[in-house]
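Quick caveat, the model's predicted, so the values are computed rather than measured.
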Amino acid sequence: MDAAFQAAAFLLPLAIYCRSASSDPASWDTAEMQSVPYVLGIAHPTGFPLYTLLGWIFSHVFALGTVAYRLNVFSAMAMSAACLAIYVAAVELRIARPVALAASLWFSVTDLIWVHAARAEVHDLALALSAFSVLYGVRYARTGNSRALFSMALCWGLALATHPIAVWLVFGVCAAIVLAPRRTTLRELGSAGLIVFGCLLLYAYLPLRSAYIVTHGLDPTVALSGAAGSIVLNYNDPSHWNGFVTEITGSQFGAREAIWSALTPASLGTGFGAWIGALNTAYGAAGIALAVGGLAALLKRDWRTCLTLTIACVAAVPFSYSYAGVEGDPDRYRLLSLWLVPVLMAGAAVKLSWLDGIRSIAAFVLIALFAGQTYANNQEASFANRDSAGGRNTIAQAARRIPPGAIVVAPWIDATSLAYGEFVDGTFAGRVVVPAWPPDFANDYSAWDKARAVYFITPPKLAIPGWKLDVLDSWDSTHVLYRLVRPRLTMTRRS
């Protein structure tokens, strides 16, 4: 019977996500994550080695449809695994299976989760691994079983090898160890640490793969002064030490500053206040009320496991808000906190007294009704995504006017789409795509222009000091095609 519930918790969300996933390349980070694994490339910081390696295996073994669709399905499977983890965690807390399943399904069809699950997204895999790490942490805090400790360490290490957002799980890991019903031995701690360290060795993929790419002449940006590795294929060129450090630290994007900012009292207060608003958007007042009731019941039943669960899932929330000024989609940094809520909701049905049966039935009915309503509210917009051409139009329009051999400079949102055409399906083959705001490389265009024609795809009114640009085409209000013509002549006075 439990196997049937587990299958439903995984397969029902997976069917929904696969049906709503697009077959076309997208733009922005999604297009990047549809490309990097297929070509065994190097993504933007922090490189995400486990996602890349697993995505490479999946996209070549699951050879159905476009590569973009395959990587979308890969993320759908990861998010479905996170849904399964909700069910398993709720059952671990001794909650009736129907209630646990209903809570899991409500989570699966909330707007933010559905949107991320139907597109290639590294955070989906990080969420699934983090969720199972929390699950095993709860089990260890409840039982003190050493196998649970090692499983927690393994899932945490793999989550860290996927995305560094998992570093915030350290508070939950520590809570599980401190609150366990027995003292954890030094030998056990050492073994768990070695497991985590072994997972982090996956980051060796970055310099090793980058060195192979450079040695075999696969990186087309090598000849371009100022360019630090090819987009999708060799971001930051981590084959050398400086590039590797830049890649794994995320220093280009202010991650270090955001971490320190997240730990200040002001950020903690602001972050948690905004987080309640985000929970209300996802689950509504009724969902929050159920979660609060479940939290109270779980604390009464077993405060150690409940505290471990809560600390692990909310630790990253302040960081997600302090990083919002840099990150285009900060919501994905708090997915684990959204995962927590349905577990707490299910906790409203935890066994405490002779009212258990009535409480379980009432919780199941309420959660199932709200899950159905959430699905109905979100289905039209979510299923419409499968018909979205995404970045396909950008690739087609650019390929029509830009000849092979040219250099194309475009903002990140479009450069990732073009890179999909350059490296994955060949629809933009032969061009060299550079992700940047064009004025950033103004001092390098003299060298570039001697070897190749240089084009730009940007919003209107582009100007580069010292250069004349020709407008070649425009296919909407944000995409204008320019060609670099020559340096502007400056008048000098004879002495």
**OP:** Apply the test salt bridge (charged side-chain N to carboxylate O under 4.0 Å, His left out) to residues D29 and R119: give CA-CA distance (whole Å), side-chain angles for both, the deciding distance (0.1 Å), then the verdict.
**Re:** CA-CA 10 Å; D29 288 3; R119 70 190 191 198; over 6 Å; no
Subject >> Interatomic spacing from CD1 in I57 to CG in L53 - rounded to 0.5 Å >> reply: 7.0 Å
**OP:** Specify whether H44 and W412 have parallel, tilted or perpendicular ring planes, treating 30° as the upper limit for parallel and 60° as the lower limit for perpendicular.
**Re:** perpendicular
Original post:
Any donor and acceptor pair, going by atom type alone, linking the side chain of W467 with main-chain N or O of V485 inside 3.5 Å?
Top reply: no
**OP:** Run the numbers on Y212 and H216 for ring-ring contact (aromatic ring centres under 6.0 Å, His included), then give the verdict.
**Re:** CA-CA 6 Å; Y212 179 90; H216 290 78; 3.9 Å; yes
Original post:
Are the side chain of S133 and the backbone N or O of C155 linked by a donor-acceptor pair below 3.5 Å?
Top reply: no
Subject >> Residue from Y51, Y333, Y203 passing ring-ring contact (aromatic ring centres under 6.0 Å, His included) with H163 >> reply: Y333
Original post:
At their closest point, which heavy atom of C313 faces which heavy atom of L340, and how far apart are they?
Top reply: CB-CB, 3.7 Å
Original post:
Can you tell me how far the CG atom of N72 sits from the CG atom of D24, to the nearest 0.5 Å?
Top reply: 10.0 Å
Original post:
Are a donor atom and an acceptor atom from the side chains of Y87 and D2 found within less than 3.5 Å of each other?
Top reply: yes
Subject >> Exam field: side chain T66 to backbone Y69, donor-acceptor pair closer than 3.5 Å >> reply: yes
Original post:
Got a donor-acceptor contact below 3.5 angstrom from the S210 side chain to the N234 backbone?
Top reply: no
**OP:** Show the numbers, then the answer: is there a salt bridge (charged side-chain N to carboxylate O under 4.0 Å, His left out) between R400 and D473?
**Re:** CA-CA 10 Å; R400 185 171 60 89; D473 199 1; 2.8 Å; yes
Subject >> Any donor-acceptor N/O pair, D219 side chain to I213 backbone, under 3.5 Å >> reply: no
Subject >> Interatomic distance, T30 atom OG1 to M33 atom CE [nearest 0.5 angstrom] >> reply: 9.0 Å
**OP:** Search all heavy atoms of H123 against all heavy atoms of L335 and return the closest pair with its distance.
**Re:** CB-CD1, 4.2 Å
Original post:
With a distance cut-off below 6.0 Å to the six-membered ring centre and an angular limit of 45° from the axis, does R431 pair with F428 as a cation-pi contact?
Top reply: yes
Original post:
Where the side chain of H479 meets the backbone of W475, is there a donor-acceptor pair that is under 3.5 Å apart?
Top reply: no
Subject >> W106 ring center near Y283 ring center (under 6.0 Å) >> reply: yes
Original post:
In Å, rounded to the nearest 0.5 Å, how long is the span from CG of L233 to CZ of R209?
Top reply: 6.5 Å
**OP:** Please report the shortest heavy-atom distance between P238 and I42, naming the atom on each side.
**Re:** CG-CG2, 4.0 Å
Original post:
Taking the inter-plane angle between the rings of F74 and F58 on a 0 to 90° scale, is it parallel (under 30°), tilted (30 to 60°) or perpendicular (over 60°)?
Top reply: tilted
Original post:
Looking only at heavy atoms, what is the nearest atom pair of S59 and R70, with distance?
Top reply: O-NH1, 2.7 Å
Original post:
When the ring centroid of Y445 is compared with that of F456, is the distance short of 6.0 Å?
Top reply: yes
**OP:** Kindly say whether the aromatic ring centers of W448 and F441 come within a distance under 6.0 Å.
**Re:** yes
Original post:
Quick check: are there more than 12 heavy atoms from other residues, nucleotides or ligands sitting under 6.0 Å from CG of N443?
Top reply: no
Original post:
With no hydrogens and no angle check, do the side chains of S239 and D237 hold a donor and an acceptor under 3.5 Å apart?
Top reply: yes
Original post:
For the side chain of N236 and the backbone of G243, is there at least one donor-acceptor N/O pair under 3.5 Å apart?
Top reply: no
Subject >> salt bridge (charged side-chain N to carboxylate O under 4.0 Å, His left out) assessment of D449 paired with R452 >> reply: CA-CA 5 Å; D449 189 51; R452 298 169 179 258; over 6 Å; no
Original post:
Between the main-chain N or O of A82 and the side-chain N or O of W339, is there a donor-acceptor pair closer than 3.5 Å?
Top reply: yes
Original post:
For W114 and S108, does a side-chain donor sit closer than 3.5 Å to a side-chain acceptor?
Top reply: no
**OP:** Looking only at non-hydrogen atoms, find the nearest pair between T221 and A227 and report the distance.
**Re:** CB-CB, 4.1 Å
Original post:
Of all heavy-atom pairs between T110 and A282, which one has the smallest distance, and what is that distance?
Top reply: CG2-O, 3.6 Å
Original post:
Is S104 reaching over with its side chain to a backbone N or O of A100, donor-acceptor style, under 3.5 angstrom?
Top reply: no
